[in-house]
Novice: 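Just passing along the structure, written as structure tokens.
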Number of protein chains: 2
Amino acid sequence: MDPKQDNDGFQPLDREGLVQRVARLLSKAIVTGQLSQGERLSESVVARQLGVSRAPVREAARLLENSGLVTYLPNRGFFVRSITARELADLYEFRLVIETAAVRRLIRDGMGESGPRLVQQIEEMRRVAGPGFDMLTQVEADMEFHRLICAGSGNPKFLATFDQIAMESELTIMMIGRLYDDAQKLADTHQPILDAMLRHDEPEAVEALRYHIEVARDLVVEQFRNMEEKPD
Amino acid sequence: MDPKQDNDGFQPLDREGLVQRVARLLSKAIVTGQLSQGERLSESVVARQLGVSRAPVREAARLLENSGLVTYLPNRGFFVRSITARELADLYEFRLVIETAAVRRLIRDGMGESGPRLVQQIEEMRRVAGPGFDMLTQVEADMEFHRLICAGSGNPKFLATFDQIAMESELTIMMIGRLYDDAQKLADTHQPILDAMLRHDEPEAVEALRYHIEVARDLVVEQFRNMEEKPD
DNA sequence: GGTTTGCCGATTGTCGACAATTTCCTTGAC
DNA sequence: GTCAAGGAAATTGTCGACAATCGGCAAACC
């Protein structure tokens, strides 16, 4: 209850609110697999463990619900969401729809700042593809590329929706335990999309994106199915 | 997971919690204009007025935030969202993207039950187009048509996202005060979309949908702009 | 033996109170 | 008269407590 007593230096200043901190903690715990699928997320237990009251925990859980990380059942509480192969495929289809629309707008309205940012992000992906970086970092770099596409579209709705569903993909990928055999290959896969975009070649960019996402979908869904059949 | 067997006449009884009731009340108040744009939505005041504590009001407000009806500012509270013409246009673009994808899937995977349901919904729209029905009813009938398209798509994400943003369109239309000059004409506008869908004519259906939504967008956005310039 | 019924512990739903923060109004200096 | 500093009032943030509800277990019944 006293997270502020005289730090004579300057701490990042907690202006972030207890709710956000709890939400971030929980989402990280879920994405990294500390909390397993279908597991109950008791308000009281979490609150006790974190040393806060139930109110902020409850609100944080509601936030995660919107991100699809937890499910809420009335009078039962929150549960770590268990995703099915079908839902996973639906998720990728949805991402394809949104990102395709975003790419179209991006090309038509001019790329602006997004061009350099995307180039930069692919470099970032290649950088963290090397040894010494954990998979979460690699997955996040991947996601950021797609996020940048939505962000640059000029329609905030695209980005907002992408953010809402991004964590679900991330969660599943982390759950599967590996993305591709090679993170370097993953980074390269994004290049054709960006190349086409920079050429203002809309059909090719859309096609490259479709190919990219469908390949990712097939890989993830297939590995997910395998995992479902023989858990651990 | 089968809530349909042994229904000898008992429906699950409205286990609707306090939160949902409050949320519905508030959203209705906003959509019907009882609460005006930008107005503060004080937790304490609402709680006092409804005779409940702040907790359910707060949760209800968070729900409305996801629907885009209210904005939340940390340490400031909830405010009835004020939408700009730009956001309105973005909203319609987003709807176009989602509904187009839904129509495509609907046609490709077979319409199933959705065909008759859509026919029925257009009839409903025509029915409430007559005198004696208020605009809210007419707008809701319109929305339901588009909602059915998303619902039938087979991808729950489409529907979920549509529901999240539908209220925003509804809100704005109500704010403007009239939809078209003639609700009858509005109902008819949906016919070409449905016709093409029933013929499994994907390009034509997509085109009809695009035309329909863009016309609606232009009308709504224009009237909205007029209203912005000379309020009341 | 198998089903129903009533209890019990645990968890969520709601509440009122207090602490922290913001907002607004007052006050005073220039 | 204008503006800044300060404080009062109002509002949100968080808390702990109590009521309502759920799932499971054991006793009671056929």
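Labels below follow one simple rule: chain letters A, B, ... track the order of the sequence lines, proteins then strands, and each chain is numbered from 1. Note that these values count all heavy atoms, side chains included, but never hydrogens, waters or copies made by symmetry.
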Novice: In whole angstroms, how far is the P atom of D:dG16 from the CZ atom of A:Arg48?
Specialist: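 Roughly 12 Å, once rounded to whole Å.
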
Novice: Among D:dG13, C:dC15, C:dT22, which nucleotide has an atom closest to any side-chain atom of B:Glu43?
Specialist: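 Comparing D:dG13, C:dC15, C:dT22 against the side chain of B:Glu43, the answer is D:dG13.
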
Novice: Rounded to the Å, how far apart are B:Arg54 CZ and C:dG13 C1'?
Specialist: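 It works out to 16 Å between those atoms.
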
Novice: Look at B:Arg58 and D:dG13 and indicate whether a side-chain polar atom (N or O) is within less than 4.0 Å of OP1 or OP2.
Specialist: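 It does, given that an N or O in the side chain of B:Arg58 lies less than 4.0 Å from OP1 or OP2 of D:dG13.
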
Novice: Do any pairs count as a salt bridge (charged side-chain N to carboxylate O under 4.0 Å, His left out) and have a residue in residues 64-73 of chain A, sequence neighbours left out, and if so which ones?
Specialist: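 As it turns out, the salt bridge (charged side-chain N to carboxylate O under 4.0 Å, His left out) pairs with a partner in residues 64-73 of chain A, which skip direct neighbours, are A:Arg62-A:Glu65.
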
Novice: What is the separation between atom CG on A:Leu50 and atom P on D:dG13, rounded to the nearest whole Å?
Specialist: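 Distance, rounded to whole Å: 19 Å.
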
Novice: For B:Leu73 and D:dG13, what is the distance between atoms CG and P respectively, to the nearest whole Å?
Specialist: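 In whole Å, D:dG13 P lies 10 Å from B:Leu73 CG.
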
Novice: Taking any heavy-atom pair under 4.0 Å as a contact, classify B:Phe78: base, sugar-phosphate, or nothing.
Specialist: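 Answer is nothing: B:Phe78 stays at 4.0 Å or more from every strand.
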
Novice: Categorize A:Ser44 for me: base, sugar-phosphate, or nothing, with a 4.0 angstrom heavy-atom threshold over every strand shown.
Specialist: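 Contact class for A:Ser44: base.
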
Novice: If you check the B:Leu18 side chain, which of C:dT14, D:dC22, D:dC15 turns out closest?
Specialist: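 Output: C:dT14.
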
Novice: Among D:dC15, D:dT11, D:dC18, which is the nearest nucleotide to the side chain of B:Arg40?
Specialist: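 Within the option list, the nearest is D:dT11.
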
Novice: Between B:Leu41 and A:Val52, name the one whose nearest nucleotide on DNA chain D is closer to the 5' end.
Specialist: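 Closer to the 5' end of DNA chain D: B:Leu41.
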
Novice: Under 4.0 Å between any heavy atoms, over every strand shown, what does B:Val45 touch: base, sugar-phosphate, or nothing? Just pick one.
Specialist: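 B:Val45: no heavy atom of the nucleic acid under 4.0 Å.
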
Novice: A:Pro56 side chain: which of D:dC15, C:dT12, C:dC15 is closest?
Specialist: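 Out of D:dC15, C:dT12, C:dC15, the nucleotide with an atom closest to A:Pro56's side chain is D:dC15.
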
Novice: Nearest to the side chain of A:Asn75 - D:dT21, D:dT12, C:dT14?
Specialist: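 So the side chain of A:Asn75 is nearest to D:dT21.
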
Novice: Given C:dT12, is OP1 or OP2 found less than 4.0 Å from the side-chain N or O atoms of A:Ser42?
Specialist: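 The answer is yes; a side-chain N or O of A:Ser42 sits under 4.0 Å from OP1 or OP2.
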
Novice: Would you say C:dT23 has OP1 or OP2 under 4.0 Å from some side-chain N or O of B:Arg76?
Specialist: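 So the side-chain polar atoms of B:Arg76 do come within 4.0 Å of the phosphate oxygens OP1 or OP2 of C:dT23, strictly under.
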
Novice: Identify which one of A:Leu64, A:Leu63, A:Leu26 satisfies the side chain to side chain contact (heavy atoms under 4.5 Å, CB included) criterion when paired with A:Val70.
Specialist: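 The single option meeting the side chain to side chain contact (heavy atoms under 4.5 Å, CB included) with A:Val70 is A:Leu64.
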
Novice: Donor-acceptor pairs under 3.5 Å, side chain of residues 109-120 of chain A to any protein atom, not counting sequence neighbours: which ones?
Specialist:
unit_1: A:Asp109; atom_1: OD2; unit_2: A:Arg105; atom_2: NE; d: 3.3
unit_1: A:Asp109; atom_1: OD2; unit_2: A:Arg105; atom_2: NH2; d: 3.3
unit_1: A:Ser114; atom_1: OG; unit_2: A:Met111; atom_2: O; d: 3.4

Novice: Quick check for you: to the nearest 0.5 Å, what is the distance between B:Ser153 atom OG and B:Phe162 atom CZ?
Specialist: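 B:Ser153 OG to B:Phe162 CZ: 11.5 Å, rounded to 0.5 Å.
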
Novice: Salt-bridge test for A:Glu43 and A:Arg48: reply yes if a basic N is under 4.0 Å from a carboxylate O, no otherwise.
Specialist: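 Salt bridge: no.
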
Novice: Report the residue (A:Tyr72 or B:Pro74) whose heavy-atom-nearest nucleotide on DNA chain C is the more 5′ of the two.
Specialist: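 Nearer the 5' end of the strand: A:Tyr72.
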
Novice: Measuring from atom CG of A:Asp163 to atom CE of A:Met143, what distance do you get when rounded to the nearest 0.5 angstrom?
Specialist: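 Result: 10.5 Å between the selected atoms.
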
Novice: Is there a donor-acceptor contact under 3.5 Å linking the side chains of A:Glu39 and A:Ser36?
Specialist: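 There is such a pair between these side chains.
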
Novice: Five pairs per end, C1' atoms only: what is the angle between the end axes of the helix from C:dG1-D:dC30 to C:dC30-D:dG1, to 10 degrees?
Specialist: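 The angle separating the two end axes equals 20°.
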
Novice: I need the B:Gln164 CD to B:Phe94 CZ distance, nearest 0.5 Å.
Specialist: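 Interatomic distance, B:Gln164 CD to B:Phe94 CZ, rounded to 0.5 Å: 8.5 Å.
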
Novice: To the side chain of B:Ser53, which of C:dC15, C:dT12, D:dT14 is closest?
Specialist: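 Closest nucleotide among those given: C:dC15.
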
